[in-house]
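Okay, structure first, notes after.
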Amino acid sequence: MSLWEDLVWRGLVQDRSQGLGASALAAPITLYAGYDPTAPSLHAGNLQLIITMRRFRDAGHRVIALAGGGTGLIGDPSGKNAERALHDEATIEAWATRIEAQIRRLLGDDAIYENNRSWLEPLTAIDLLRDVGKHFPMGYMLAKESVKTRVHGEGMTFTEFAYMLLQAYDYAQLYERHECRLQIGGSDQWGNITAGVEFLKRTQRHGAYGMTTPLLLRADGQKFGKSEEGAIWLDPERTSPYAFFQFFLNTADDQVGTLLRRLTLLSRDEIEELEAAPPESRTAQRALAEHLVGIVHGDEGLREAREQTEALFGGRGEAEAVPVARDALSSWPAVFVAAGLVSSLSEARRLIKGGGLYAGEERVTEATPLPELGADDVLLLRKGKRERRAVRPET
RNA sequence: GGGGGGAUGUCCGAGUGGUUAAAGGAGACGGGCUGUAAACCCGUUGGCAUUGCCUACGCAGGUUCGAAUCCUGCUCCCCCCA
């Protein structure tokens, strides 16, 4: 199966410019995807695009990961219904560095890493207006979906309006520097991507394509990659390999096939076999979770995630216990707060009243006595069915 | 420059002097049913405290026995005209 056929089968092609297809990808080409450093880490929702780049790379194409060190200072209006808050340069640079390191782990060192700050910073206002802006008729820009929705809604400043010029300029720079011929991105990037393709065409630089992948949504249409705790980050400091594993293990049945196709590097045969497994066995969820933890956190992370899952849910092996100060062991609510399972004593009290907290397999009630913990004892706590954590007295 | 509208809890959104920790919806969380699914039903959803207190309706003051609701100033946003 060719790369293109594979992408189509996986449901990864949402929009594409004319002429992009199997034949355009027959010979190796150079492509890029950009990311704006608007957070200190990538999250699960960013995975689809990076894995898609990985597919291109594995098929022999050359991929460029472009950090938006410059554009991140402006703020992309796409997919947003309100003006973005601007961060300062130092923050953006620091985030860009961290994110690049994360992408390197997923794409390897043979990918090309660029930062558009290196050409946007020296770009003068005159250059931008003469060399780029001249090729953008107002009607064309105003017709963009990202502009229309904002102009008729919350409003938009010139800063964000001009964003598409910068992204088009990026594409042109990469076209010149690396003979980049394809830009890929999430479907909210389609407007910016076509602006780039259009700009190249108008400046006599031919053979440039664009493609987008569909937005990854949960079955109920909500944004993907968020849990009760907030986003599922790729940074193990923010979201442990165990929590990352649990997030994917809890994938709904009707979504697991989609995620296997879009996010994993498993083959079509492997995926179809997993989809055929009885849903109650959760084989597909387990395979998904293990595969992704492996890709993102490596063998070591996968081992940790498995061990913790086994210890907390299977009752075997040793769970990593959160050390809790002695005086927090004075009441059940305090213990659960210290363990990080609930955010306040009030919440803990409410949950106890509702029967949602457990110590070991015992439901905690107001009458449940607190156990006497020796220095080496570990107490298994549980909130509901899915969240578990072990604690031990602080020494 | 002129005129008008707006800022409410995680989000959307009611509320225009009193029983409002603030309707309703969404989301989230818990319980039940299950498979650490989905759907569905029930409950909870500011904090601290064993029925009381504190904090909260853009910010800062003021009026009042009492304000999210009235007044003043400020900040930010939107729309229209120039």
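Here is the naming used below: chain letters follow the sequence lines, and residue numbers restart at 1 for every chain. Everything numeric in this text was worked out from a predicted model, so none of it was measured.
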Min side-chain heavy-atom separation A:Arg181-A:Leu31 under 4.5 Å | no
Over 12 non-hydrogen atoms of neighbours within 6.0 angstrom of CZ in A:Arg130 = no
Go through the side-chain N and O atoms of A:Ser41 and A:Gln102 and say whether any donor and acceptor fall under 3.5 Å apart.
-> yes
Go ahead and write out RNA chain B as dot-bracket, 5' to 3': ( ) for pairs within the strand, [ ] for ones crossing earlier pairs, | when the partner sits on another strand, dots for unpaired; Watson-Crick or G-U wobble, both distances under 3.5 Å.
-> ((((((((.[[[..)..(.....]]]((((((.......))))))(((...)))...[[[[[..)....]]]]]))))))).
Residue mapping more 5' on RNA chain B - nearest nucleotide basis, A:Val337 or A:Asp253 | A:Asp253
Does A:Thr309 place a side-chain N or O at less than 4.0 Å from the phosphate oxygens OP1/OP2 of B:U36?
-> no
Taking the nucleotide of RNA chain B with the closest heavy atom to each, which residue, A:Ser344 or A:Gly354, is nearer the 5' end?
-> A:Gly354
Residue-phosphate contact under 4.0 Å: A:Arg382 side-chain N/O, B:U36 OP1/OP2 | no
Locate the shortest heavy-atom distance separating A:Met141 from A:Leu165; write the atom from each residue and the value.
-> CE-CD1, 3.2 Å
Would you jot down, in residue-number order, the residues of residues 278-290 of chain A having a non-hydrogen atom under 4.0 Å from RNA chain B?
-> A:Pro279, A:Glu280, A:Arg282, A:Gln285
Between A:Leu288 and the options A:Leu266, A:Val293, A:Leu249, A:Leu259, the side-chain contact (heavy atoms from CB on, under 4.5 Å) test singles out A:Leu259
Rounding to a whole Å, what distance do you find between A:Phe248:CZ and B:A37:P?
-> 17 Å
Do A:Arg388 and A:Glu320 pass the salt bridge (charged side-chain N to carboxylate O under 4.0 Å, His left out) test, and can you show the C-alpha distance, the side-chain angles, and the key distance before you say yes or no?
-> CA-CA 11 Å; A:Arg388 305 186 177 206; A:Glu320 196 166 313; over 6 Å; no
Separation of A:Lys353 atom NZ from B:C29 atom C1', in whole Å?
-> 16 Å
To the nearest angstrom, the CZ-P distance between A:Arg386 and B:G35 comes to 14 Å
Do the charged groups of A:Glu366 and A:Arg349 touch, with an N to O distance under 4.0 Å?
-> no
Are A:Arg350 and A:Glu347 close enough for a salt bridge, meaning some N to O gap below 4.0 Å?
-> no
Rounded off to whole Å, could you give me the CG-to-P distance for the A:Leu345 and B:C48 pair?
-> 5 Å
Considering only NZ, NE, NH1 and NH2 on the basic side and carboxylate oxygens on the acidic side, decide whether A:Glu198 and A:Arg202 come within less than 4.0 Å.
-> yes
What integer number of Å spans the C1' atoms of B:G4 and B:G13?
-> 22 Å
Does the distance from a Lys or Arg side-chain N to an Asp or Glu carboxylate O, for A:Arg62 and A:Asp110, drop under 4.0 Å?
-> no
When rounded to whole Å, the NZ to P distance for the pair A:Lys383 and B:U45 reads 15 Å
A:Phe199 ring center near A:Tyr169 ring center (under 6.0 Å) | no
Short side-chain N/O contact from A:Arg349 to OP1 or OP2 of B:U45, under 4.0 Å = no
Within residues 355-369 of chain A, the residues having a heavy atom closer than 4.0 Å to RNA chain B are A:Gly355, A:Gly356, A:Tyr358, A:Arg363
Take the protein atom CD of A:Glu387 and the nucleotide atom C1' of B:C29, then report the distance between them rounded to whole Å.
-> 9 Å
